[in-house]
Amino acid sequence: MRQDHLITATQLSRADIEAVLDRAAEIDADPGAVADRYREAVLALCFFEPSTRTKMSFETAIKRLGGATTDMGTVESSSVKKGESLADTVRVVEGYADALVLRHPSEGAAKMAAEFVDVPVINAGDGAGQHPSQTLLDLYTIRENVGLDDLSIGIMGDLKYGRTVHSLAEALTNFDVRQHFISPESLKLPRGVRFDLHNSGAQLREHTDLEEVLPELDVLYVTRIQRERFPDETEYEQIAGEYQIDDDTLELADDDLAVMHPLPRVDEIDPAVDALSQATYFEQAHNGVPVRMALLDFLLSEGEL
Amino acid sequence: MRQDHLITATQLSRADIEAVLDRAAEIDADPGAVADRYREAVLALCFFEPSTRTKMSFETAIKRLGGATTDMGTVESSSVKKGESLADTVRVVEGYADALVLRHPSEGAAKMAAEFVDVPVINAGDGAGQHPSQTLLDLYTIRENVGLDDLSIGIMGDLKYGRTVHSLAEALTNFDVRQHFISPESLKLPRGVRFDLHNSGAQLREHTDLEEVLPELDVLYVTRIQRERFPDETEYEQIAGEYQIDDDTLELADDDLAVMHPLPRVDEIDPAVDALSQATYFEQAHNGVPVRMALLDFLLSEGEL
Amino acid sequence: MRQDHLITATQLSRADIEAVLDRAAEIDADPGAVADRYREAVLALCFFEPSTRTKMSFETAIKRLGGATTDMGTVESSSVKKGESLADTVRVVEGYADALVLRHPSEGAAKMAAEFVDVPVINAGDGAGQHPSQTLLDLYTIRENVGLDDLSIGIMGDLKYGRTVHSLAEALTNFDVRQHFISPESLKLPRGVRFDLHNSGAQLREHTDLEEVLPELDVLYVTRIQRERFPDETEYEQIAGEYQIDDDTLELADDDLAVMHPLPRVDEIDPAVDALSQATYFEQAHNGVPVRMALLDFLLSEGEL
């Protein structure tokens, strides 16, 4: 299967995913080998919403490949505020760049952009939609730490609204993975997502209590429970508190457990966990660079994944 | 004529213009030949007002010449808001860069800046004033599509306040061009501009109706009619509607007509036009890169145009 | 003494300072020799507060060494506004870059960041705290103009709140320098700073009147008296007026006097001074590039100063 753009994680087969992760591992092992590969490449960064790690890691990725960026800047400093349509903006920008990274508040924005332009488009988050390069770096981090087969993963927190979690869960159905979903009753997986995962052959179980499943996990993927999901502040405090991780929590866990988090975190993981060998979230963030270098390498060299 | 800075389109003779356009065509034909030419060059981007295409295309241009940028960022993130004068800012920045691109809300800002600094200054828009690199890419686009001699161009929309249109019209008097100005009565060319164009030998006619002149045009250059020019909303709607282009409008036009627009557009050109061979506005935007590469090549290699 | 980070000017011995200034002078004399030295280096720019000259000169510095930047952008466009802690932000960013430049509104921010990350951290201003690369470029400018030994310097303006002035004064105690502090009574050196300077062996005198000391000065370092320090507007106007420099003021000064200012200035130095040979403040700003190149060269090549 050939791919001109990266819009969703679900467009990728197991072979596609493994090709990207293998390339990322090669690059990580010997970054010097590619440091000059794209000396003439320009990557356009079109971020219609705030971003730190996605934007900075794409910027680093293209520069570590020898290339450069052209940055749209914030919406306030661009002609978007003069009323230009997204379709017009991306058709202008494609003339300036060899590939385009797009973050936009509207679901479907990247898919629409890809229909209008000829250069590769990478979806860096489209509202409540997809963020496939995040999924790829999550998979890379899991594979590097505990392997992607015969894996037991716990995915915890806001499973109702957390679409990146849905992407990851869907991508994991390509591998031999037991998925445990841990959340308060009110933030469980939506019925539709559960149905799709079953259809994709997921081995999934749902829990409201971390303790009952923690000892058997290889990975614990923590996400934030957002205050604004709860009408009642007291209810929020109580529920969020039950899904926070600290060093006590982890006493029940395997020493080789990888604790992951897409970041930024607020209270979900106590800073005391940072010093434990199980803390994998900063490494996870750092993996954004080799994974995005691999992605760009595929898209720039062959015009496809 | 030697030029240390690019402040207005009118400072350029026909020979100057042709030299830039020729260089742009060479670069466009073989960008690899210059990809390493300015490896040590740093271009300062000083944008005191929002910009997408001008800023991004200058950024791409210097990078496709092998160079780099140093970016002042937005006014809010700079020391301008601490009360620094423009003269001080540009004298500081010239120490960081080999050339300086300046956009500023005040007419005359670039001219003033050029008096204070020794590195080349490129005016990227000074309020209601000049935007000469836009004029050069407009001329380049016209030349590439239909040629600059024995040309019939229609310039339509807001001719009263549209200073970039005035620059283009003035620059076109260097060539054998019949200029048709098409606008509602209330947005006609100002008397002073018409007088200057006559003095420069322009062959100009004015119209309120596009249909009467459309069939004979080689280029139709559309600009936006701004809502805020009209005290009455209904009057705006009615007048603006008469100067919008759609695929029906173009049935009267020559198949080789080039429809241009400086972008961003709002309603002036219906998206249905985008699919027609006559739509030239995205190509026009893309031409910003080779034309600005050519400009930078002149200014960086020889310190002048 | 080995230094992994640059957090304060006081961490630097005379030998450290001279090593950086010597390297800066070498680079200034032959920038081409280092233009390709750090082709694979990426410098992270984390500016939590506005900056023009510090940010642009670091950006230029790394690019003139052949390297690249990855820019966090403004706080508004980053995940900081999602509630991420500084410790988390810098631990993420260290994975993207070979060194990190940090400006932050909180005193002590850079020191704290340095405790969390392994790549070199350069303090580019931490609130009312330190700004050591500014001190180094001030020292470089003094040395290039009048030498750092047997020097008589006047430091004028807001000596009470001006912490960069305190850094400079402290750094100057490494050399044979007579320091004259000139300010209104209400903005004199704080007792604690005066005490520390005495302990460091400073030769210092305090004045309220510039004229009495101006003729013997080799350097006059002017800083801004901020309006908000005075409850009474009239009092501000009168006092600030007494500490403004114009061409008349300088008639009493030596022809070789170097007038310096960290910029931006507002009214402290009349623009008429700019044309005098004594005006050294733009040169001072420009020295930010070679001095920061030298700093980066130490930190990137050897992982230390």
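Because the structure is predicted, anything quoted here is derived from the model rather than measured. Note on naming: letters A, B, ... go to the chains in the order of the sequence lines (proteins, then strands), and numbering restarts at 1 for each one.
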Does any heavy atom of chain C fall under 4.5 Å from the side chain of Asp71(A), the backbone, both, or neither of them?
neither
Give, as side chain, backbone, both or neither, the part of Ser57(A) having an atom under 4.5 angstrom from any heavy atom of chain C.
both
I'd like to know if the side chain of Asp28(C) reaches the main chain of Ala24(C), judged simply by a donor and an acceptor atom lying under 3.5 Å from each other, with no hydrogens or angles considered.
no
Chain C contact via Arg292(A) - which portion, at a heavy-atom distance below 4.5 Å
neither
Heavy-atom proximity to chain A below 4.5 Å, by part of Thr69(C):
both
Tyr243(A) side chain to Ser183(A) backbone, donor-acceptor under 3.5 Å:
yes
Expected output: side-chain Gln130(A) to main-chain Asp126(A) donor-acceptor under 3.5 Å
no
Heavy atoms only, distances under 4.5 angstrom: which of Ala44(C), Gly95(C), Ala97(C) has the most pairs with chain A? Name it, please.
Gly95(C)
Between chain A and each of Val42(C), Val93(C), Thr70(C), Thr74(C), count heavy-atom pairs under 4.5 Å; write down the option with the most.
Thr70(C)
For residues Phe48(C) and His104(C), establish whether the separation of their ring centroids is below 6.0 Å.
yes
Taking every heavy-atom pair that is under 4.5 Å apart, which of Glu283(A), Lys63(A), Met56(A), Arg265(A) has the most such pairs with chain C?
Met56(A)
Is there a donor-acceptor pair under 3.5 Å between the side chain of Tyr281(A) and the backbone N or O of Val259(A)?
no
Taking all atoms of both residues into account, what is the closest heavy-atom pair of His131(A) and Thr54(A), and its distance?
NE2-OG1, 3.4 Å
